[in-house]
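Reviewing the structure listed below.
Just so it is clear, the structure is predicted and the values come from calculations on it, not from any experiment. All ligand and atom numbering here is 1-based and tracks the order in the structure. Heads up: numbering here begins at 1 and tracks the sequence.
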Amino acid sequence: MIIVFNMITASAPGKLMLFGEHAVVHGKPCISTAVDHRMIVLAKKRKDDLIVLKTSQVGIKNYKIRIKDLKNRNYNKGCSFVFCAVNNFFEKYNVKSGLEIKTKSEFSSEFGLGSSSAVTVCAIGALAKLFKIEMKEKEIFDLAYKTVLDVQKRGSGYDVATAIYGGTILFKRGGKLIKKINTRGLPLIVGYTGVKADTAELIKMVEEKEKKYPELVNPIFDLVETIVLQAKRYIERKDLDRLGGLMNFSHGILAATGVSSKELEKLIYAARNAGALGAKLSGAGGGDCMIAIANVNSRREVERAIEKVGGKIIEVKTNVKGLTVSSL
Ligand code: PMV
């Protein structure tokens with residue numbers, strides 16, 4: 001008898017942090033948006049007891065692990081988010097099966113657009129469908145967030161929430177608040193510095209600063225919260241001029257905690273000098289991407305200025321759809 005297993009496809013977007021980085025790790029709200037660079041996961045059951053992963057974007061062609069070895073958690077680095085997600089899913093729902101999982105990425109993990117959280121979300125979404133388990137968005141969030149913390153120890157979970165819910169969201173650590181913001185998206189310009197940031201190190205550095213200078217860093221977090229709440233209003237009203245101003249404030253006070261870098265500053269000042277309404281780092285800092293907004297007539301000028309100082313423009317559409325899962 002030939003058994004044909006159902007193939008499931010899950011797709012989730014990358015993210016960009018708009019406002020509230022670092023402060024969100026300390027309990028304040030942030031705003032992030034889903035971008036049209038997606039991660040795709042294909043999954044089906046196997047008859048044997050192997051989990052086979054093909055993830056070409058990190059050069060893993062056919063990595064195999066036995067189901068019983070999943071819980072040891074000493075996975076190959078490029079496989080850790082997917083294997084940890086499978087292990088957490090099997091443990092939570094008391095199910096198991098051999099699996100064949102293939103991942104395809106529309107973006108480079110170098111840019112810091114959230115490929116790890118998107119692949120984790122896709123894996124859990126695909127498993128839920130494969131094992132016919134009804135999971136609400138918040139349940140997917142909780143399990144994907146636990147997985148991300150198991151692997152990388154730190155993080156607010158904003159990237160996980162953005163991959164699941166899509167759109168543009170107001171978010172608080174651990175999913176205490178996940179609220180869609182009413183917008184059709186922003187005319188963002190994204191510049192990649194060419195430097196890969198180490199998010200965990202930067203979070204640690206800000207935590208240490210907060211311990212050393214609480215009377216300075218805590219008011220910074222309070223100010224970030226004020227900016228986030230004002231930004232929500234300006235995004236909804238499409239007031240790009242005031243929003244740009246908030247981006248500049250936001251960058252300035254983040255830089256005071258030491259998370260900016262020479263490369264980020266170069267791109268940010270080039271954007272501002274070329275007429276951007278505002279520009280800031282996006283995410284942990286130290287490298288990765290900066291974002292800017294500009295009116296239609298100065299957009300090209302701003303992009304050119306960023307490129308001229310060594311930045312790479314990454315074309316993105318914002319506010320896109322979150323996790324989708326279907327069976328082929
Ligand atoms: O660098 P990213 O995109 O992983 O963003 C980091 C944003 C932080 O607030 C510093 C951490 C977090 O998980 O919220």
Side-chain angles (χ1 to χ4, degrees), residues 12-35 37 39 80-81 105 107-121 141-142 144-165 168-178 188 190-210 217 220-221 223-225 227-228 231 247 250-251 253-261 263-264 267 280-291 314 316 318:
K15 53 71 192 168
L16 276 173
M17 175 70 91
L18 299 181
F19 291 95
E21 42 274 272
H22 289 288
V24 66
V25 179
H26 299 260
K28 303 295 185 188
C30 74
I31 298 175
S32 69
T33 191
V35 297
H37 295 229
M39 182 64 77
S80 43
F81 288 93
S105 174
F107 54 106
S108 157
S109 60
E110 294 292 300
F111 299 155
L113 291 181
S115 52
S116 311
S117 44
V119 83
T120 306
V121 162
F141 173 83
D142 289 339
Y145 182 46
K146 174 186 165 19
T147 303
V148 169
L149 284 185
D150 284 346
V151 177
Q152 67 186 26
K153 313 294 176 229
R154 288 179 158 83
S156 64
Y158 88 94
D159 41 3
V160 175
T162 313
I164 297 168
Y165 292 80
T168 301
I169 57 169
L170 186 66
F171 175 86
K172 275 194 176 178
R173 189 183 61 206
K176 278 188 212 76
L177 172 75
I178 306 174
L188 279 192
V190 182
Y192 176 56
T193 55
V195 178
K196 179 90 193 94
D198 186 338
T199 300
E201 269 308 304
L202 286 150
I203 294 177
K204 208 165 107 200
M205 188 195 85
V206 174
E207 277 170 5
E208 278 161 11
K209 284 255 164 82
E210 195 246 351
V217 178
I220 287 182
F221 293 154
L223 207 50
V224 170
E225 178 172 31
I227 291 177
V228 164
M247 287 170 87
S250 169
H251 181 77
I253 57 174
L254 275 172
T257 68
V259 298
S260 192
S261 69
E263 292 80 11
L264 279 165
L267 271 52
K280 68 184 279 293
L281 65 84
S282 170
D288 283 349
C289 291
M290 52 72 72
I291 52 175
I314 302 171
V316 297
T318 62

Between Lys146 and Asp142, is there a salt bridge with N-O shorter than 4.0 Å?
-> no

Any idea which heavy atoms bring Cys289 and Ile314 closest together, and the distance?
-> SG-CD1, 3.9 Å

Ligand 1 contact by Ile203, heavy-atom criterion under 4.0 angstrom | yes

Backbone, side chain, both or neither: what part of Val206 comes under 4.0 angstrom of ligand 1, heavy atoms only?
-> neither

Ligand 1 atoms in contact with Val25 (distance to a heavy atom under 4.0 Å) | 9 (O), 11 (C), 12 (C), 14 (O)

protein heavy-atom neighbour closest to atom 12 (C) of ligand 1 works out as Ser156 OG, 3.3 Å

Any side-chain heavy atom of Glu208 within less than 4.5 Å of one from Lys204?
-> yes

Validation row: His22, Val259 side chains within 4.5 angstrom (heavy atoms) = yes

What residue and atom, counting heavy atoms only, is the protein's closest point to atom 9 (O) of ligand 1, and at what distance?
-> His22 N, 2.9 Å

Nearest protein heavy-atom contact for atom 7 (C) of ligand 1: which residue, which atom, what distance?
-> Tyr158 CE2, 3.8 Å

Atoms in ligand 1 flagged as close to Gly155, the criterion being non-hydrogen separation under 4.0 Å | 13 (O)

Within 4.0 Å of some non-hydrogen atom of Glu21, the atoms of ligand 1 are 9 (O)

Would you mind telling me if ligand 1 is within reach of the side chain of Leu202, the backbone, both or neither, using heavy atoms under 4.0 Å?
-> neither

Donor + acceptor pair across side chains of Thr162, Ser32 (<3.5 Å) | yes

Nearest protein heavy-atom contact for atom 3 (O) of ligand 1: which residue, which atom, what distance?
-> Lys15 NZ, 2.3 Å

Where is the nearest protein heavy atom to atom 4 (O) of ligand 1: which residue, which atom, and how far?
-> Thr199 OG1, 3.4 Å

Atom pair CZ/OH of Phe171 and Tyr158 - distance to nearest 0.5 Å | 10.0 Å

Quick one: are Val195 and Ser261 in side-chain contact, heavy atoms under 4.5 Å?
-> no

Among all protein heavy atoms, pick out the one at the shortest distance from atom 6 (C) of ligand 1; state its residue, atom name and that distance to 0.1 Å.
-> Ala284 N, 3.4 Å

Salt bridge (Lys or Arg N to Asp or Glu O under 4.0 Å) against Lys176, all qualifying residues, sequence neighbours excluded | none

Compare every heavy atom of Glu207 with every heavy atom of Val25, then report the nearest pair and how far apart it is.
-> CG1-OE2, 4.3 Å

Should you measure from each heavy atom of Val24, which atoms of ligand 1 turn up under 4.0 Å away?
-> 9 (O), 14 (O)

